[in-house]
Novice: 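Sending over a structure as structure tokens; questions will come in a sec.
FYI, the numbering just counts along the sequence from 1. Just so you know, these numbers come straight off a predicted model, no measurement behind them.
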Amino acid sequence: MARIYFHIDLNAFFANAEILRDPSLKGKPIAVSGKTRRSVVSTASYEARKFGVHSAMSISEAQKLCPDLIIIDSHFSWYAELSKQFMDIVKSYTTELEQASIDECYADVTEVIMRYQRPLDLAWEIQRRILSETKLPCSIGVGPNMFLAKMASDMKKPMGITVLRIRDIQEKMWPLPIGEMRGVGKKTIPLLDEIGIKTIGDLAQVSNLETIRPVFGKNTEEIHRKANGYDDRVIVKDWNAKSMGVSETLLEDITDYDEIRGILRRLARKLSTRLHEDRKAGYKVTVRICYYDFRNIDRSVRLDHPVWRADDLFVSAMTIFDANYDEEDAIRLLGVSVDDFADDRYLTKQLNLFDLQKAQKEETDEVIMDLNHLLGSKAFIRASDIVKE
């Protein structure tokens with residue numbers, strides 16, 4: 001039986017969340033961002049977008065485009081509260097839900113939609129409930145797979161409901177610029193332009209995949225299938241359902257490599273603590289990267305031994321990240337997870353050993369942190385060497 005997917009996306013989420021906190025901001029050009037020189041726009045209101053302000057743009061550039069731009073600090077706990085309300089509403093219709101980020105999700109509604117006389121009534125009902133109960137507008141894309149549902153939700157904002165079927169793609173999707181296709185990054189666009197691929201339709205109609213393989217590498221077949229409207233992914237109800245993982249949605253979209261390293265280090269430590277508390281270690285480490293434009297990338301590595309220590313997790317995560325990061329695009333979420341858990345006998349032996357070493361390691365870490373503070377943030381290697389000696 002053919003599946004029916006919704007992609008539900010809260011429109012200008014952070015900006016609209018700030019308007020709920022301060023209604024006087026309604027109708028004004030605002031951007032949610034930090035206020036330092038390195039800050040970038042996390043979300044802009046639609047009034048600001050009319051001036052060309054968009055996510056991942058430097059705040060200085062945004063202010064040049066829109067001199068009256070109002071810059072608002074992030075309030076992440078408030079966003080998390082609203083996000084939970086949003087997800088709970090969708091979950092009341094179907095348990096087949098995958099949260100893609102703090103403000104978007106995929107839902108397999110194949111079964112529940114049969115209860116409605118007119119299929120789009122379900123989308124309309126969900127949209128109206130979200131607006132009524134959270135005061136947040138959303139767009140809903142409807143498609144036979146997750147990719148087309150996502151493409152559809154982008155086609156009409158705010159408060160749009162768009163259906164995109166396989167038979168619709170030549171008319172609705174193929175004419176779009178190649179940069180609007182999910183999975184095509186900024187630095188890929190000029191490479192495709194050089195070989196005459198300017199629209200999604202151009203990519204879809206490539207007959208010899210070897211002409212685009214230098215651009216997409218191992219993802220060539222997958223990207224080409226998506227351009228033709230096909231996507232084999234299925235809903236993952238909980239990213240950590242068969243694994244254990246942690247993730248962090250960032251207050252600002254970031255590109256700074258050192259900052260990214262720091263976040264992955266922090267996630268590795270947090271995950272290590274959880275693994276140890278639950279007496280688990282796994283052979284497979286996965287990193288999730290969610291870019292500013294909502295592209296999600298999940299990449300994994302399988303190891304020859306199970307891991308749970310923070311250092312091992314960090315090294316594996318950085319190896320995966322370095323191999324897959326599109327350095328020109330800002331990141332809005334990072335996650336690290338472990339699965340394919342080792343058997344209990346191995347864990348009992350290894351984790352007992354870990355317990356004996358833990359106190360000494362924590363004491364060493366504290367010394368390193370103190371030395372780093374004294375020597376400066378770029379002195380981690382020097383501090384570590386001092387402790388080792």
Side-chain angles (χ1 to χ4, degrees), residues 1-13 16-17 79 82-169 171-173 176 180-183 200 225-239 241 249 288 290-291 293-296 298 332-333:
M1 180 175 66
R3 312 305 297 178
I4 302 174
Y5 291 92
F6 284 2
H7 179 263
I8 309 170
D9 186 7
L10 296 177
N11 303 140
F13 173 49
N16 281 315
Y79 306 154
L82 289 173
S83 176
K84 184 179 185 306
Q85 293 177 32
F86 160 52
M87 297 298 170
D88 284 346
I89 291 171
V90 182
K91 287 176 183 177
S92 71
Y93 290 91
T94 176
T95 59
E96 298 296 314
L97 178 142
E98 178 179 335
Q99 181 171 350
S101 67
I102 194 170
D103 58 355
E104 63 172 329
C105 66
Y106 294 92
D108 184 335
V109 297
T110 308
E111 303 296 335
V112 67
I113 206 168
M114 300 301 176
R115 305 172 196 163
Y116 291 78
Q117 185 174 0
R118 295 177 300 179
L120 288 186
D121 283 352
L122 173 60
W124 181 87
E125 181 178 318
I126 292 174
Q127 186 184 66
R128 291 297 171 184
R129 270 196 64 191
I130 292 170
L131 183 63
S132 173
E133 297 178 26
T134 70
K135 310 303 180 187
L136 294 169
C138 73
S139 292
I140 300 179
V142 184
N145 57 55
M146 294 169 68
F147 173 73
L148 289 183
K150 173 62 178 173
M151 291 296 298
S153 71
D154 286 340
M155 289 180 174
K156 187 179 179 182
K157 293 184 177 183
M159 290 296 286
I161 296 176
T162 306
V163 178
L164 186 58
R165 298 159 293 196
I166 295 290
R167 64 175 180 265
D168 300 325
I169 64 170
E171 177 187 352
K172 294 183 178 181
M173 191 175 79
L176 297 175
E180 294 190 26
M181 179 175 168
R182 296 302 169 186
I200 298 177
R225 280 178 53 79
K226 286 182 177 178
N228 281 283
Y230 298 99
D231 181 15
D232 298 328
R233 290 178 300 159
V234 295
I235 292 289
V236 178
K237 293 184 182 181
D238 181 349
W239 187 46
T249 301
R288 167 169 286 192
C290 180
Y291 291 105
D293 58 0
F294 308 108
R295 285 179 293 126
N296 287 319
D298 293 316
R332 69 196 309 257
L333 177 145

Novice: Test of understanding: with side-chain hydrogen bond (donor to acceptor under 3.5 Å, both in side chains), list the residues that count as partners of Ser153, not counting sequence neighbours.
Specialist: His7

Novice: Taking it one step at a time, do Ser101 and Arg332 satisfy side chain to side chain contact (heavy atoms under 4.5 Å, CB included)?
Specialist: CA-CA 9 Å; Ser101 67; Arg332 69 196 309 257; 3.2 Å; yes

Novice: Should the pair Asp108-Arg3 be classified as a salt bridge under the 4.0 Å nitrogen-to-oxygen rule?
Specialist: yes

Novice: Any donor and acceptor pair, going by atom type alone, linking the side chain of Thr110 with main-chain N or O of Ile4 inside 3.5 Å?
Specialist: yes

Novice: Please step through side chain to side chain contact (heavy atoms under 4.5 Å, CB included) for the pair Asp231 and Leu148, ending with a clear verdict.
Specialist: CA-CA 8 Å; Asp231 181 15; Leu148 289 183; over 6 Å; no

Novice: Rounded to the nearest 0.5 Å, what separates atom CG in Asp154 from atom CZ in Arg182?
Specialist: 4.0 Å

Novice: Test Asp9 against Lys150 for side chain to side chain contact (heavy atoms under 4.5 Å, CB included), laying out the working first.
Specialist: CA-CA 9 Å; Asp9 186 7; Lys150 173 62 178 173; 4.2 Å; yes

Novice: Can you list the residues that meet the salt bridge (charged side-chain N to carboxylate O under 4.0 Å, His left out) rule with Arg165, with sequence neighbours excluded?
Specialist: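 Result, salt bridge (charged side-chain N to carboxylate O under 4.0 Å, His left out) vs Arg165: Asp168.
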
Novice: Please report the interatomic distance SG(Cys138) to CD1(Ile161), rounded to the nearest 0.5 Å.
Specialist: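 Reported to 0.5 Å precision, the distance equals 7.5 Å.
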
Novice: Report the residues that fulfil side-chain hydrogen bond (donor to acceptor under 3.5 Å, both in side chains) with Lys135, sequence neighbours left out, ordered by chain and then residue number.
Specialist: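 None.
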
Novice: With Leu176, which residues qualify under side-chain contact (heavy atoms from CB on, under 4.5 Å), at least two apart?
Specialist: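 Only Met151, Met155, Met173, Glu180, Ile200 meet the side-chain contact (heavy atoms from CB on, under 4.5 Å) criterion with Leu176.
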
Novice: Going from CZ on Phe6 to OH on Tyr93, what distance comes out if it is rounded to the nearest 0.5 angstrom?
Specialist: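 Rounded to the nearest 0.5 Å, the CZ-OH separation comes out at 10.0 Å.
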
Novice: Using 4.0 Å as the upper bound for N to carboxylate O, is an ion pair formed by Asp298 and Arg233?
Specialist: no

Novice: Taking salt bridge (charged side-chain N to carboxylate O under 4.0 Å, His left out) as the definition, give me every residue that meets it alongside Glu133, ordered by chain and number, with sequence neighbours left out.
Specialist: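 Partners of Glu133 under the salt bridge (charged side-chain N to carboxylate O under 4.0 Å, His left out) test: Arg129.
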
Novice: For Tyr230, give me all partners under side-chain hydrogen bond (donor to acceptor under 3.5 Å, both in side chains), at least two apart in sequence or on another chain.
Specialist: none

Novice: Applying side-chain hydrogen bond (donor to acceptor under 3.5 Å, both in side chains), can you list everything that pairs with Arg118, at least two apart in sequence or on another chain?
Specialist: Asp121

Novice: Just to verify, what does Pro119 make a side-chain contact (heavy atoms from CB on, under 4.5 Å) with, not counting sequence neighbours?
Specialist: Ile113

Novice: With Ala152, which residues qualify under side-chain contact (heavy atoms from CB on, under 4.5 Å), at least two apart?
Specialist: Thr162, Leu164

Novice: Go through the steps for Leu136 and Leu131 under the test side chain to side chain contact (heavy atoms under 4.5 Å, CB included), then give the verdict.
Specialist: CA-CA 5 Å; Leu136 294 169; Leu131 183 63; 5.9 Å; no

Novice: Looking at residues at least two apart in the chain, or sitting in another chain, which of them share a salt bridge (charged side-chain N to carboxylate O under 4.0 Å, His left out) with Lys91?
Specialist: none

Novice: Keeping the roles fixed (side chain from Asn16, backbone from Asn11), state whether a donor-acceptor pair exists under 3.5 Å.
Specialist: yes

Novice: For Glu98 and Ala107, indicate whether the former's side chain and the latter's backbone hold a donor-acceptor pair under 3.5 Å.
Specialist: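 Judged by distance alone, no pair lies under 3.5 Å.
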
Novice: Answer yes or no: is there a donor N or O on one side and an acceptor on the other, between the side chain of Thr134 and the main chain of Ile130, under 3.5 Å?
Specialist: yes

Novice: May I ask you to check whether Glu96 and Tyr106 show a side-chain donor-acceptor distance below 3.5 Å?
Specialist: no

